[in-house]
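Just so it is clear: chains get the letters A, B, ... in the order the sequence lines come, proteins before strands, and each one is counted from 1.
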Amino acid sequence: MNELRGWLLDIYPEAQVGAALWLIGEDGQRYHLRQPFPVTFYAAGRASTLRRLWRYLQSHPAQPVLKREERQDIFVKSMRTVLAIDVNDPVAQNALFQEIARAFPDLDYFDADVALPLRYAARHRLFPLAYCRVGVDANGQAQTVEPLDTPWDLSPAPPPLRILYMELDADPARNKPTRLSLRSGSFHGPATAEYHLDLDLERPLLINLKAILQRCDPDLLLTTWGDTWLLPHLLERSAALGLPLPLNRDPARQPAHHPEISYFSYGQMVHRGRQVHLFGRCHIDRGNAMMWEDYDLEGALETARVTGLPLQTAARVSPGSGISAMQMVTALREGILVPWHKQQAEQPKTALDLLATDQGGLVYQPLVGLHHDVGGIDFVSMYPGIMVRFNISPETVQGQRPCIQDLEPFASENDLPGLIPLTLAPLLEKRLALKNQLIDLPKWDPRRKIYQARASAHKWLLVTCFGYLGYKNARFGRIEAHEAVTAYGREALLRAKEAAEGLGFTVLHLYVDGLWVKKPDAKEPADFQPLLEEVCRRTGLPISLDGIYDWIAFLPSRVDARVPVANRYFGVFRDGTLKVRGIEARRRDAPPFIAKTQMEMVELLAQGHTPDERQAGVRKALGLLRRRLNRLRSGKTPLEELVVSQRLSREIEAYKSLSPVARSLQQLQAVGKEVRPGQRVRFVYTRGRPGVYAWDLPTPPDARTLDLERYAVLLLRAACTVLEPFGLNPQLIAGLAQNVQTQQLCFKLVPRNERQRREPAVRTAMTTRSRGVSERGTIPD
DNA sequence: TACAGTCGGGG
DNA sequence: GTGTACGACTGTA
């Protein structure tokens, strides 16, 4: 037997064999190995139906091996009697399962629809990009596989990935691309070769591309628009011209096409373009990878390593699917039955959706206005931390009523942590370790970016785990578990507030997992340290000083200036870092010109520490506003800076009122351009009817038709948002508008109540919805 | 004024 | 691997 060492690149089912493995050998070779992989799944239900299924399977050509077993169903207290069905390979298992699920729809099925890579991760503790040792026999079959690292290693040996970058010279959604640029290189390494191919010269294109693929033999195609245009286009031309294009490494496979999809998910449409997955080689379309902006290839690799999902999948799915995968792997390892996922999953809520709103996060109404020397204090990964510390899991919350007021954990039957804490604990630990390493690394260290990307990937996984708990279609979701988490969260935040007040701090604001406090003479981190320790002592949860704000402004509602708004604020930390929430600069539909100017104004306001310096900052911000207004009016603002981008929430017919985005969509459809719900539509405001011009029309907009006054209004409003807390009268700001109409539009936006004397802010602690969880948080049956 | 439509959140 | 939170704010009718 031959021993190989290397990195596991790809893994997928192969009929009549089991698993196909692709290994990046330490010797630089790429190995296609096969491994037998029998699979077991389970059926449970009425004894008579199970007997019928038994008889049905006994004479089945797939010849499954049948056993009667007792296994743990997480949603049932006692063990369940199940029929275990052993099948030779995963392809046969899938076919058999589909067949009997149709024939016996009344049974419950378990471990039936788990993807091979996850079964593999559970059985062999191997995961994508794992460094491993494989014993191979003379037939190329992997006889033994052994991991040599774990997903929890902080500095795993970087896989020597060969990458082929494929770029187009134009966005195919706007203009037909003419040139394909190729660059080969390694992970973290410089480019080793560059090629440019003409997309219109199809024969040479395909012939050259084939040669390049064979010469470079990349492990990963990293493309722009590869999913949505390039790969489908190349494959289609290759078929039409009869020129084979070996995008796959596995010659027996065709690339897998996944269709585009628009779906509704917690209040908004989401669109994911079509996808092309390869075999033996990975393809990632940067534009179609959901979290790419956040964490790049480094984060995708990290997600694949800890979740067990194949790299191509890990890069494209939302982190919710990642956490779901991890839960399944944990369950398989622990012998807990994995329920069949009958309904397709809705996109899980991110915790933040829930944080801000209905799921029982504690929200205060802040003290509106400008405050100096404020400590911002946050619980560290609050919800995941709560799940781990208080052992919250679908099976542990069942039938238990621990006293949340006393912050007692849920008990486990076997004294082991529940499924969710078991899954989350190592993630939390690794994220913490990554962040600790970050603290020690100097700013210039290139490893910073890597650790940050990894920490960000972990953050998302942790955050979505909470959303998944409360999500009715999640395999391991249970609403009581979800409610328990928020109840503990409220209790912890209340205790933090009490601790702060006990130590003489004024609590300016509370928001789910954070609080803003101040005290005369508390100006240094050390002055807040006793509070951190006290909160930690009272709650058992780690808490940290986010920073000390030189100043922070909590904004009132625009609709009614007497009402504080929980999540509209901006401020600057001691080190000059800005924190901005909820205002125009943060909104993805704000034209860049508006967002940038507002942000620059905040930067000017943030300069200086003395009152005089701050006054100067306000004057500078006003000066900037005047200059930007003049530039706008003189037509010198670049067109692309004025583009509004909004996400379509529905098909055009479903719009009841012709909003700007709907009118832009009409224009696009008139020239045959389709935009699906969930995709973004870009447009600029123009004078007269129809008031907008779609940015992606074949002809660019005429700069002379732009409705510059409308932009002036938007700019002045954004300016009011940040200048008002500094005592500037909004009417004075609106006065910068040169024409009466603009002034009126701005003025209309300045709330009438502004002119009244502001009543003291009403401050109420409220759980926005408790859904059966009583105010101080015990859980009803 | 009423209703319709978009966005947020973290780091 | 589609199924509707909720509040703030802005635009249209």
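Listed nucleotides B:dG5, B:dG10, C:dT12 differ in distance to A:Arg581; the shortest reach to its side chain belongs to B:dG10. Comparing B:dG5, C:dT2, C:dA8 against the side chain of A:Val565 picks out C:dA8 as the nearest. The A:Ser657 side chain lies nearest to C:dA13 when the options are C:dA13, C:dC9, B:dT6. Out of C:dG11, C:dT12, C:dC9, the shortest distance to the side chain of A:Leu714 is found at C:dG11. With C:dG11, B:dT6, B:dG10 as the candidates, the nucleotide lying closest to the side chain of A:Lys459 is B:dG10. Of the candidates B:dG10, C:dC9, B:dC7, B:dC7 carries the atom nearest the A:Arg587 side chain, counting heavy atoms from C-beta on. Distance from the side chain of A:Ser659 is smallest for B:dG5 among the nucleotides B:dG11, C:dG11, B:dG5. Considering only the side chain of A:Arg647, B:dC7 comes nearest among C:dC9, B:dC7, B:dG10. Comparing B:dT6, B:dG10, B:dG5 by their closest approach to the side chain of A:Lys656 singles out B:dG5. Counting only heavy atoms from C-beta on, A:Arg431 has its side chain closest to B:dG11 among B:dG11, B:dG10, C:dC9.
Atom pair A:Gln646:CD and B:dA4:P shows a separation of 17 Å (rounding to whole Å applied). Across the protein-nucleic acid pair, A:Met382 atom CE and B:dG10 atom C1' stand 15 Å apart, rounded to whole Å. A:Lys579 has its NZ atom 14 Å from the C1' atom of B:dG8, to the nearest Å. Between A:Ile594 atom CD1 and B:dC7 atom P there is a gap of 16 Å when expressed in whole angstrom units. Atom CG of A:Leu461 is separated from atom P of B:dG10 by 18 Å (rounded to the nearest Å). Between the CD atom of A:Glu709 and the P atom of C:dG11 there is a distance of 15 Å, rounded to whole Å. One atom, NE2 of A:His458, and another, P of B:dG10, lie 21 Å apart when rounded to the nearest Å. The CZ atom of A:Arg586 sits 21 Å away from the P atom of C:dG7 (whole-angstrom rounding).
For B:dG5, neither phosphate oxygen OP1 nor OP2 lies less than 4.0 angstrom from any side-chain nitrogen or oxygen of A:Ser649. Here A:Arg650 reaches the OP1 or OP2 of B:dG5: one of its side-chain N or O atoms lies under 4.0 Å away. In this model, the phosphate group of B:dT6 is approached by a side-chain N or O of A:Tyr655 to a distance below 4.0 Å at OP1 or OP2. Note on A:Arg717: every side-chain N or O is 4.0 Å or more away from OP1 and OP2 of C:dC9.
Of all nucleotides present, none satisfies the Watson-Crick or G-U wobble test against C:dA5 with each distance under 3.5 Å.
Neither side chain, A:Glu480 nor A:His482, offers a donor N or O lying under 3.5 Å from an acceptor on the other. Using a 3.5 Å distance cut-off with no hydrogens or angles, the side chains of A:Ser645 and A:Arg682 do not pair a donor with an acceptor. Under 3.5 Å, the side chains of A:His283 and A:Gln312 contain no donor-acceptor pair of N or O atoms. If you check the side chains of A:Thr721 and A:Arg558, you find a donor sitting under 3.5 Å from an acceptor.
Across all strands shown, A:Ser381 has no heavy atoms under 4.0 Å from either base or sugar-phosphate atoms.
In this structure a side-chain-to-backbone donor-acceptor pair under 3.5 Å is missing from A:His458 to A:Lys430.
Ring-plane geometry between A:His509 and A:Tyr569 is classed as perpendicular, the angle between the planes exceeding 60 degrees on a 0 to 90 degree scale with a lower cut at 30.
A gap of 23 Å separates the P atoms of C:dT2 and B:dG8, to the nearest Å.
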